[in-house]
S.K.: 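I'd like to ask you about the structure that follows.
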Amino acid sequence: SFNAREFMKREKTAFVTFLKFPPEVLGLMLLFVAGLGLRLYRLAVPAMWIDEIGVLEAASQSAWQQAVAVAKGHIMGMPLHYLQTWAAAQLGLHNEWLRLPDALWGSLTILLGYRLAKFYVEKPAALITAALIATSPLLIRYSQELRFYAALYFFYLLLIYSALQALEKRGWLRWLAVTLIGMTGILFHIYTITALVFVYAALLTRPQWRSLRNLRSLLTVTILLLGFFGWAAVEFGSVPGYRTPLFALEKPLNFVLRGLGLAPIHSPRGATLLYYLLLVIGFAAGVAGALKARRTALLIPLLAGLALIAVILGMNWYRHYFVHSRQIYYLSYWVYLLAAAGLCSLFGRLARRLSFLQKNQTRFAVGGTILILALCSLPALLQYYHAERSITKSGYAPLLEHWQAGDWICVIPDFDAFVFQTYWKEALGPWLLSCDHKEIFQNPQVKFVIASEEMDFSPAFREIYRPPADTFYPKRIWMRVE
């Protein structure tokens, strides 16, 4: 029979046990819940852009082999994310809700980022690192895309963390785990292999790890992963069949600062800059503190990241392919780590100056930093949440207001036509074309043009729609002048 007194006693004991958790564990749990909530909020609201539509194609396939075939047709499209999307569709997720697994990868990165940070900084700074990962508009954006970027960030950190664990505790099972994690990560995104650079950097800064056994094990894993990387690149690594300028989409400074999380991912305004100002101050303080204390373990990963950026620039230049900040965004982890160390140090100094905080200096430093970070992140996050990826929602009504049945609609560049055909197929599908400049002016049936912002079709056409500034992939709509 039910004993109410015994039940209440058990519940009270469980609650007291919960309260006895170390403060950092409770803090990490709260950050994880907050970060998960930020990644689930409005997850299925923004329309997809061209690359997401390409992955969506895999979800519509009848068999997993066909989903893998879709991956092979995309530039450096590794198969596991396409299989993930296909599996999610089999479980009942549809359209924008297929982003859910990516939101979960991004949320798990909060916990993993904290664990890895403890190899480099003390627990308070590690907790602030987790807070930066949880609130970062950059990481939230790529956790809300039907692309492999959130999984890349997760497996990149997991490969480093598992390798550092193996260097510290040794054992062939740990090195086997490193190998399997690396292979899995590569099959999500080929850049996972770059994590090995940071493992070797960590080995250089820790004399206690330098042994013949560790070096032999790490070299063996490196050879295995490089061999697997080569196979994956040949099997799935399609390369672009066209040429584009290196900085066609982003200026060099924007490419670096946005990729490292130090600049807004879209046009900044007003209070949005507070978050990035706080981040830059913390990063500068972290670099200065590491230089002063000669903490090479914190500085070498940053230098390795900058060297890696140079390599990626060289590879894209060789392939005549544009660079974008998303290609280096996983390197933002080292910026967040240094910024966390800097902010923890700054707030710690403030706590030491306040006499009434003598017994709670650490809690003030961590709690104060996270509170101010959360408040400063709100304007930046609100701007992100109200941004659109494409104009498929906002541009539909202005176009339909002028369009008549039989009017052809040209989309430039031609591959973007797939996005509009997906969202507007019921009303406008038969009249949407992928075109070039000659077709627009030579074909009198073309009454409308949807084109990139830098293109101008006047005086033959007049502009009828210009997208808001917070559109990630903006297009303008032009109407032929009769």
S.K.: Relative to each other, are the rings of Tyr473 and Trp49 parallel, tilted or perpendicular (30° and 60° limits)?
M.R.: parallel
S.K.: Compare all side-chain heavy atoms of Arg326 with those of Asp51 and state whether any distance is below 4.5 angstrom.
M.R.: yes
S.K.: Please find the pair of heavy atoms, one from Ile193 and one from Ile186, that lie closest to each other, and give the distance.
M.R.: CD1-CD1, 3.9 Å
S.K.: Give me the one residue out of Tyr156, Phe155, Tyr153 that meets ring-ring contact (aromatic ring centres under 6.0 Å, His included) with Trp105.
M.R.: Phe155
S.K.: Let me know which of Ile477, Leu399, Val419 forms a side-chain contact (heavy atoms from CB on, under 4.5 Å) with Ile391.
M.R.: Ile477
S.K.: Check whether any side-chain heavy atom of Met29 sits under 4.5 Å from a side-chain heavy atom of Val33, and report yes or no.
M.R.: no
S.K.: Any idea which heavy atoms bring Gly182 and Thr192 closest together, and the distance?
M.R.: O-CG2, 4.4 Å
S.K.: Could I get the full list of side-chain contact (heavy atoms from CB on, under 4.5 Å) partners for Ala387, not counting sequence neighbours?
M.R.: His266, Asp470, Phe472
S.K.: Is it true that atom CZ of Arg319 has more than 12 heavy atoms of other residues, nucleotides or ligands lying nearer than 6.0 Å?
M.R.: no
S.K.: Is there a donor in the side chain of Thr272 and an acceptor in the side chain of Gln383, or the other way round, less than 3.5 Å apart?
M.R.: yes
S.K.: Are Tyr330 and His189 near enough that their ring centres are under 6.0 Å apart?
M.R.: no
S.K.: Out of Gln144, Arg99, Lys393, Arg141, which residue meets the side-chain contact (heavy atoms from CB on, under 4.5 Å) rule with Pro46?
M.R.: Arg99
S.K.: Do we see a donor-acceptor contact under 3.5 Å between the side chains of Tyr161 and Arg115?
M.R.: yes
S.K.: Could you please spell out the steps behind the ring pair (Phe, Tyr, Trp, His ring centres under 6.0 Å) verdict for Tyr329 and Tyr142?
M.R.: CA-CA 9 Å; Tyr329 98 111; Tyr142 289 113; 4.8 Å; yes
